[in-house]
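Worth knowing before you read on, the calculation uses all heavy atoms, side chains too, and leaves out hydrogens, waters and symmetry mates. None of these values were measured; they are calculated from a predicted model. Note on naming: letters A, B, ... go to the chains in the order of the sequence lines (proteins, then strands), and numbering restarts at 1 for each one.
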Protein chains: 2
Amino acid sequence: MTTLKDLSQQLGLSVTQVSRALNGHADVSESTRERVKALAAELHYQPNVSARRLVSGKSGIVGLVLPHLPLPPEDGQFIRIVGGLSAHFSRLRMQFVLHIAEESEDILDVYRRLIQSGAIDGFVIIEPQVNDPRVAFLRDRDVPFVLHGRDCATPDYPFFDIDNHAVARTLTRVLTRAGHRRIAFINGLDGRAYVAAREAGFRAAAAAEGLQSDALMHFTGEMVESHGLLATVEAFRDSACAPTALIAGNTRIAKGIFLALAALGLRVPQDVSLVAHDDILHDALSHVFDPPLTVTQSALDLSWEPLAHCLAGAVEGRSLSSLQRIGACRLIQRASVAPPPEAA
Amino acid sequence: MTTLKDLSQQLGLSVTQVSRALNGHADVSESTRERVKALAAELHYQPNVSARRLVSGKSGIVGLVLPHLPLPPEDGQFIRIVGGLSAHFSRLRMQFVLHIAEESEDILDVYRRLIQSGAIDGFVIIEPQVNDPRVAFLRDRDVPFVLHGRDCATPDYPFFDIDNHAVARTLTRVLTRAGHRRIAFINGLDGRAYVAAREAGFRAAAAAEGLQSDALMHFTGEMVESHGLLATVEAFRDSACAPTALIAGNTRIAKGIFLALAALGLRVPQDVSLVAHDDILHDALSHVFDPPLTVTQSALDLSWEPLAHCLAGAVEGRSLSSLQRIGACRLIQRASVAPPPEAA
DNA sequence: ATGCTTGCCCGAAACGTTTCGGATTGGCAA
DNA sequence: TTGCCAATCCGAAACGTTTCGGGCAAGCAT
C-alpha cells in the first residue's frame, strides 16, 4: 500500500502538498500537480479510507432498513434495488449496507440503534407512506436521508420520484380522449404516497374531462396479479355500471386484469380498454402482453443512481435544491386502447 | 459521540488504561475495569470504527461478488442470502457489501479491482464450481475468503457446507430399504461442487446396496420446477426401464416432478416413491406437498451465521481448523415413500 | 526603501484508537 | 537493608489523512 508519505518522499515534497495536489486544491502549481498525479498513478496510490474517514468524522456508510424479509413476488425486485444502490454508492466510494429488522423490532428502534452507533452517515427510505414516521424521525434528528418517492409536491428533504400525479392524469386522458366515460383505476397499496398521488391525478383528470365522480371506480391493494384479478371481477360484477376502461397501477396488476377479463369473456381492446403504468419489471413487460399495452413508462432501475447521488450530497451537506430530482416518464401508445363498444 | 478521552478524563485514568480495560487486557485491576465499563455503558460509548480500522490496517469490509443480477426464481433466495450475511456481519461489527459485476466484466477482474483498492478484507464465495477459479485466484493472492460449499472432502480453506455425499446416501438408502431397485436422481446444475458430491453419494450408496449402475438414472439441470418436470418425463419415456423411485435435488425440483407425475397418471407413493433434499425454501416447503415429502432437511438460512464467523476468523488470521464447519442435516420420514408396485 | 499582494509551499496539529516500552507502587524474600 | 517480582498504571508513538496557520519569495505599487 503506497501512502502519501511514500509519494512525498519520492517527490521531495511535503505530505501536505501532495494531498492538496491530489485533491485539487488551488495553491499547487500546475507542474507539481502533474508530477504528483503521474507518480500516484504509477504507484497505484489509493487513499486509505479509514484515515480519510477518521478525519472527516464520517463513516462513509449509508444504509437501507427493511422492516422484514421481503416475500415473493416483491423479493425479486428487492435484489435489484439492493444491487443497484450498492453499485452506485460503491462508485461514489461509499459503502451501502442492508439492514433487515427482526420481526419483533419497531422499525424506529432500529434507526435509533444504527444512528447511536455512529456508524451510519445516512439512509435510503423506500416505499414511503403518507406522513411516513421514518421521515419525521430522521428529520428531527438531523440525520441525512433520501426518499424514493415523496410526501407532497415540494417536500423539504432530498428525494427522487416520478410525477405520479401526471402519470395518472396522462393515463386517464388517453382513455377519455378515446371516448371512455366509465373508468376503473386498480391502484397499489392504500397508504403509500405514490398511490395517493395517482388517485388524486386520476380524479383531477377525470373531473377536467367532465366525468362524474360516480363514473369512476378506484381499488387499492398490493401490486400483485391476484389483486388485479379480484378487483377486475369486482368492477364488472354489476354489468349496469361496469367500466369500459381500466387503469392498472403497474404491469403486474395488468397481468391479473388480463386473466380476469379472459375469464369474463371480455376482449382487449374491443370490449374493454386497458392502460397501465410500466416500471419495466422484468417479470411483467408491457410489450409482451397480447395486445401490447399502452403505458406510461419509467424504468424503476434508473432510480438507484439519482438516489445514491442525492444521499451522498445530503451527507456532504449540499443545498436542498440539487438534491431533489424527478425522473422522466413517457407515454407509449400501443394496441390496448380502443373506443368503448357503445360508441362503435 | 463519546470518546476514550472523555471517559479517561471523567475517570481520572489514562486513555491507555481505559482502552485496555474495555478490551479485556490483563493488566487492569478488576475494580478499575468495573468502573470503566459502567461509565462506558452510561455514556453509550461506541468505539470509533474508522480509528480502530486505521490502526488495525483492516477496512472491516467484506464482500460478495455476483457475476450478474440474479433472475427469478433464484432472486428470492438471493435477498435472503444478502440479508442474512448482512445481518451477521453487522453483528460482528463488519460491513458486508454486495457487488454485482457488469455483464461484460470477467469476474476475476472484479476481484482484482476490489483487492487492489485495498478496501476489502475478504470475500464470501457462493455456488462454487468444481475447481472453482475464484478459489485459486484468491488463494494465490492470500486474500481471505470463505466458501459456501467445498471442492473436496477436506479443503485447505475456510468453508461452511453440509455433507452432501451423506445426504445423497441417506436418500438413496431410504429408497433401497423400501425395496426400490430402479432409481432416478434429478440433481442440480452440472459443474456445481455439491451436485457432484451428491451424485457420488448416490452411486456409492446404490452400489453398497447391491444395485447395478444401469438401474440408476441421473439428470442435471437448474434447480427449477421445469427441470424437475422435464427430467421426470424423460425418465418415464421408456416404460420398460422406468424408475420406481425418484430423488429430487431440492423441493423446487420436487414440485416439477409432482406436476409431471400427475400428467403421466402416476400416484405418489403408490406408483412412484419420491424423496428430496429440503433446504427449507420458502416457495417450496416439503410438508405442504400432497403427500408430504420424505426429506433430508437442513435450513439454508442457517448458513449465513457460520459463513460470517468463518470469514471473520479468516480475516483475523485464526487457524484453519476453527474455520471449517459442517452443518447439521436430519432425515424426516413422511408419506412419499412406499414399496415399489411390483413388490406389492 | 516599504508595504502589500499573490503563488507556492511547509510544519504541526488533529481525528480516536491500539500498543510499545517503561514507570511506579507494594509486598515479600534474601 | 537490598533486590526482585507482580500488579497496575501511564506517556508517547503510530496508523494515514486533512487542514490550520503560517513562511518565503517574487512582483508590484507606494
Side-chain angles (χ1 to χ4, degrees), chain A residues 1-37 39-40 43-61 93-95 116-121 315-317, chain B residues 1-37 39-40 43-61 93-95 116-121 315-317:
Chain A
M1 278 283 79
T2 19
T3 71
L4 279 187
K5 195 153 102 178
D6 299 335
L7 293 184
S8 70
Q9 281 170 351
Q10 294 202 35
L11 289 163
L13 284 171
S14 73
V15 173
T16 307
Q17 210 56 3
V18 177
S19 166
R20 300 177 66 84
L22 257 15
N23 292 333
H25 284 242
D27 58 355
V28 176
S29 74
E30 247 347 281
S31 67
T32 317
R33 195 188 303 282
E34 299 289 325
R35 281 206 307 143
V36 172
K37 289 203 166 168
L39 187 64
L43 299 186
H44 299 116
Y45 168 73
Q46 290 282 139
N48 180 307
V49 230
S50 305
R52 187 174 269 182
R53 284 172 186 171
L54 178 56
V55 21
S56 76
K58 304 261 166 62
S59 70
I61 299 170
R93 312 212 141 275
M94 302 175 76
Q95 307 295 340
Q116 193 153 274
S117 88
I120 300 242
D121 288 344
V315 168
E316 285 173 20
Chain B
M1 281 283 77
T2 15
T3 70
L4 280 188
K5 193 153 104 180
D6 299 334
L7 293 183
S8 70
Q9 281 169 354
Q10 294 202 33
L11 289 163
L13 284 171
S14 72
V15 173
T16 306
Q17 209 56 3
V18 177
S19 166
R20 300 177 66 83
L22 256 16
N23 291 333
H25 284 241
D27 58 355
V28 176
S29 74
E30 253 337 292
S31 67
T32 321
R33 194 189 303 280
E34 298 291 325
R35 282 205 306 141
V36 172
K37 287 203 166 169
L39 186 64
L43 299 186
H44 300 118
Y45 167 73
Q46 292 280 141
N48 179 306
V49 232
S50 306
R52 188 173 267 183
R53 286 172 185 171
L54 179 56
V55 16
S56 76
K58 304 259 166 64
S59 71
I61 299 169
R93 314 213 140 274
M94 302 175 76
Q95 306 296 341
Q116 193 153 278
S117 88
I120 300 244
D121 287 345
V315 168
E316 286 172 20

Q: Yes or no on side-chain contact (heavy atoms from CB on, under 4.5 Å) for B:Leu54 and A:Asn48, after CA distance, side-chain angles and deciding distance?
A: CA-CA 8 Å; B:Leu54 179 56; A:Asn48 180 307; 4.3 Å; yes
Q: So, do A:Leu7 and A:Leu43 sit near enough that their side-chain heavy atoms are less than 4.5 Å apart?
A: yes
Q: Any side-chain heavy atom of B:Gln46 sitting closer than 4.5 Å to one from B:Arg93?
A: yes
Q: End-to-end bend of the helix from C:dA1-D:dT30 to C:dA30-D:dT1 (five-pair axes, 10° rounding)?
A: 70°
Q: Quick one: are B:Gln95 and A:Ile61 in side-chain contact, heavy atoms under 4.5 Å?
A: yes
Q: Within this structure, what is the CZ-CG distance for the pair A:Arg20 and A:Leu13, rounded to the nearest 0.5 Å?
A: 13.0 Å
Q: Determine the minimum heavy-atom distance between B:Ser50 and A:Arg53, stating which atoms define it.
A: OG-CB, 3.4 Å
Q: So which protein nitrogen or oxygen atoms get under 3.5 Å of nucleotides 26-28 of chain C's nitrogens or oxygens?
A:
none

Q: Looking at every non-hydrogen atom in both residues, tell me the closest pair between A:Ser59 and A:Asp121 and how far apart they are.
A: N-OD1, 3.0 Å
Q: Under the side-chain contact (heavy atoms from CB on, under 4.5 Å) criterion, do B:Leu11 and B:Gln17 qualify, and how do the steps go?
A: CA-CA 10 Å; B:Leu11 289 163; B:Gln17 209 56 3; over 6 Å; no
Q: Could you check whether any side-chain heavy atom of A:Lys58 comes within less than 4.5 Å of a side-chain heavy atom of A:Val315, counting everything from C-beta outward?
A: yes
Q: Is A:Leu4 close to A:Tyr45 at the side-chain level, that is, under 4.5 Å between some pair of heavy atoms?
A: yes
Q: Where along nucleotides 9-19 of chain C does protein come under 4.0 Å, by heavy atom, of base (B) or sugar-phosphate alone (S), with - for untouched nucleotides?
A: BBBB--BBBBB
